Amino acid sequence: MYNPFSWLRSVLRITLFFVVVIIIGLIVDRLILAVALGAMWLLAVQFWQMYRLNQWLWRSKRMTPPRSKGFWEHIYEGVYYLQRRHRRKRKELSKIVKRFREGAEALPDAAVVVDSESAIVWCNRLARIELGLRWPQDAGRRIDNLIRHPKFIEYFNSDQYSQPIEVPSPTNVQKTFEYRIKPYGEQHLLIMARDVTRLTQLEQTRKDFVANVSHELRTPLTVLNGYLEMLQVSEQVPPELFSKAMTEMSIQSVRMQGLVEQLLILSRIEASSERVFENRVDVPQMLAIIETEALTLNQEKHHTIEFDVDSDLRVYGSDTELRSAFSNLIFNAIHYTPDGGNIRVSWQRQGHRAKFCVADNGDGIAAKHINRLTERFYRVDKARSRKTGGSGLGLAIVKHVLSHHNSKLEIKSQVGKGSEFFFYFSEELCIDKNHPEDEDMHLQ
Ligand code: ADP
């Protein structure tokens, strides 16, 4: 049982010890020698206790202190108490650190902590995956030796961290990361990297789109302005020049109107939240109307156009969107096939699916263009496409419509032989007149 320390008790003990020593000294008539021996004994005992304390602190693996009495018992217990308190604190701290690390691992961004020497102190799992850091091998290495992009190094050394920067990923150049640096504590820096690839791509697409639209609109506007200026300055315009100006101006304004209409259709389709799977579309009837329009358009081209339509094959979908997709593909075939060509439009069942196909025997398209045809404003031959009044948006509209109907445009083409544009509608979208229960099933 541990007794609390008492100065009085300690002084009494020493006094008692020396009283006994003095009595013995008087009995043996050697008082000085007895007192000296007594003091030496006391000293030796203190040294022995110091030796034990030292052994326990530095050598022994035992947690509990050696047994002792009096003053030394108090010192041992004090050290033991401090050790236990320290251990408890350490446990609490390591729990806090563990919880903090778990939180930091769950961050949606890559995070790296560096010290005042730019050496890595810690990084989370995303930093290992996205920034290619290795843990623990890279602990203590300078961050600017591992992320070496000049833009990052300039930002890191600038001490101006109010704005983030965008830098390609060190592991994958296709990816872009937004880096933010936050100084904290004793000259430590927290570096956060977020994957902003999608955002930058969207931003780029938006910029390209605005640039393309402006470019496309500027050309007809320049022509219109040119003619208007000419008509204003010259008082007597020869009649043949006047009629040429009028024709050209009307062509350009029709072109601009077409472009704006196509843009509106495209943005409407993109923003549409129409539930395509609830609305029935009578495709055979729709194709019959488009056929009449195609024949009118074909008057100058003299193609042979053949429609092969399954009159019972209807689908679920968006009426306006599908009309736009079908007519874009059919009118393209008429526009891009040299006079007197053959065009075949078919709408038939293929297995459980429905297939729409427009085939022509025109000039065909070189393989390198095929993957890019559905990009907005992409045209194989800009000059020729402009002559036909093409805006380069037709196939982009088709692509969006089809993706809205869970389908995809496929293109097969051979230069000099012709092209085939086709797509399939899945079984779930098809309604068969011969199987009315099909209709009921879909409508449930
Ligand atoms: P446009 O409004 O210019 O017709 P589209 O997006 O409809 O734009 O078509 C993109 C390009 O694809 C066209 O400029 C044309 O070069 C090519 N193209 C489309 N359909 C055909 C086809 N049937 N035969 C050959 N080329 C075609």
Side-chain angles (χ1 to χ4, degrees), residues 205 208-209 212-213 215-220 251-270 287 290-291 293-294 297-298 300-307 321-347 355-404 407-423:
T205 314
D208 290 350
F209 184 65
N212 278 325
V213 171
H215 177 76
E216 294 293 330
L217 287 173
R218 200 179 300 134
T219 319
I251 290 174
Q252 294 303 335
S253 62
V254 168
R255 209 167 102 69
M256 241 176 0
Q257 193 183 0
L259 180 65
V260 172
E261 267 166 22
Q262 296 271 62
L263 279 171
L264 284 176
I265 294 175
L266 193 59
S267 72
R268 213 177 299 137
I269 294 171
E270 274 181 321
L287 287 176
I290 299 175
E291 186 176 359
E293 291 167 1
L297 198 68
N298 189 35
E300 286 174 17
K301 297 282 241 171
H302 312 292
H303 299 309
T304 310
I305 306 180
E306 186 192 334
F307 273 73
E321 289 184 14
L322 289 184
R323 184 187 304 275
S324 185
F326 291 140
S327 47
N328 262 310
L329 293 177
I330 297 170
F331 297 164
N332 267 355
I334 298 175
H335 283 140
Y336 296 109
T337 304
D339 293 4
N342 287 318
I343 295 168
R344 189 167 190 276
V345 178
S346 83
W347 171 244
K355 181 182 180 185
F356 178 77
C357 178
V358 180
D360 64 55
N361 64 346
D363 296 338
I365 306 157
K368 64 175 180 187
H369 298 294
I370 292 196
N371 284 337
R372 301 198 57 191
L373 287 183
T374 54
E375 283 175 25
R376 291 161 191 198
F377 300 109
Y378 189 84
R379 286 169 286 207
V380 175
D381 177 348
K382 282 208 178 224
R384 211 180 117 205
S385 179
R386 278 214 185 92
K387 246 188 261 163
T388 66
S391 62
L393 289 171
L395 293 181
I397 292 175
V398 175
K399 176 183 155 180
H400 273 86
V401 168
L402 295 184
S403 111
H404 209 181
S407 178
K408 193 170 172 284
L409 180 66
E410 292 177 50
I411 305 168
K412 274 191 204 158
S413 190
Q414 257 186 304
V415 177
K417 291 205 168 160
S419 316
E420 245 183 71
F421 289 76
F422 59 98
F423 58 83

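Just so it is clear, the model here is predicted, and its values are computed rather than measured. Counting convention: from 1, in listed order, for ligands and their atoms alike.
- Each of Leu393, Leu263, Asn212 was checked for a side-chain contact (heavy atoms from CB on, under 4.5 Å) with Arg376, and the lone residue meeting it is Leu393.
- Of the heavy atoms in Phe421, only side-chain atoms (C-beta onward) come closer than 4.0 Å to ligand 1.
- Here the side chain of Thr304 pairs no donor or acceptor atom with the backbone of Gly340 at under 3.5 angstrom.
- Panel note: side chain Lys301, backbone Thr337; a donor-acceptor pair is recorded below 3.5 Å.
- A donor-acceptor pair under 3.5 Å is formed between the side chain of His303 and the backbone N or O of Ile334.
- Checked by distance only, ligand 1 and Gly392 come closer than 3.5 Å through their nitrogen or oxygen atoms.
- The shortest N or O to N or O distance between Gly364 and ligand 1 is not under 3.5 Å.
- Every atom of ligand 1 with a heavy atom of Arg379 under 4.0 Å away is listed here by number and element: 3 (O), 14 (O).
- For the atom pair CG (Leu402) and CD (Glu410), the distance works out to 10.0 Å, reported to the nearest 0.5 Å.
- Some N or O of Ser391 is nearer than 3.5 Å to an N or O of ligand 1, by distance alone.
- When the heavy atoms of Phe377, Tyr336, Tyr378 are ranked by distance to atom 15 (C) of ligand 1, first place goes to Tyr336.
- Below 3.5 Å of separation, one finds an N or O of Asp360 facing an N or O of ligand 1.
- Judged by distance alone, with hydrogens and angles left aside, the side-chain atoms of Asp360 form a donor-acceptor pair with the main-chain N or O of Ser419 at under 3.5 Å.
- At least one heavy atom of Ile365 sits less than 4.0 Å from an atom of ligand 1.
- At least one heavy atom of Ser419 lies less than 4.0 angstrom from ligand 1.
- Set against the non-hydrogen atoms of Val380, the atoms of ligand 1 under 4.0 Å away are 14 (O), 16 (O).
- The line from CG of Asp208 to CZ of Phe377 is 10.5 Å long, rounded to the nearest 0.5 Å.
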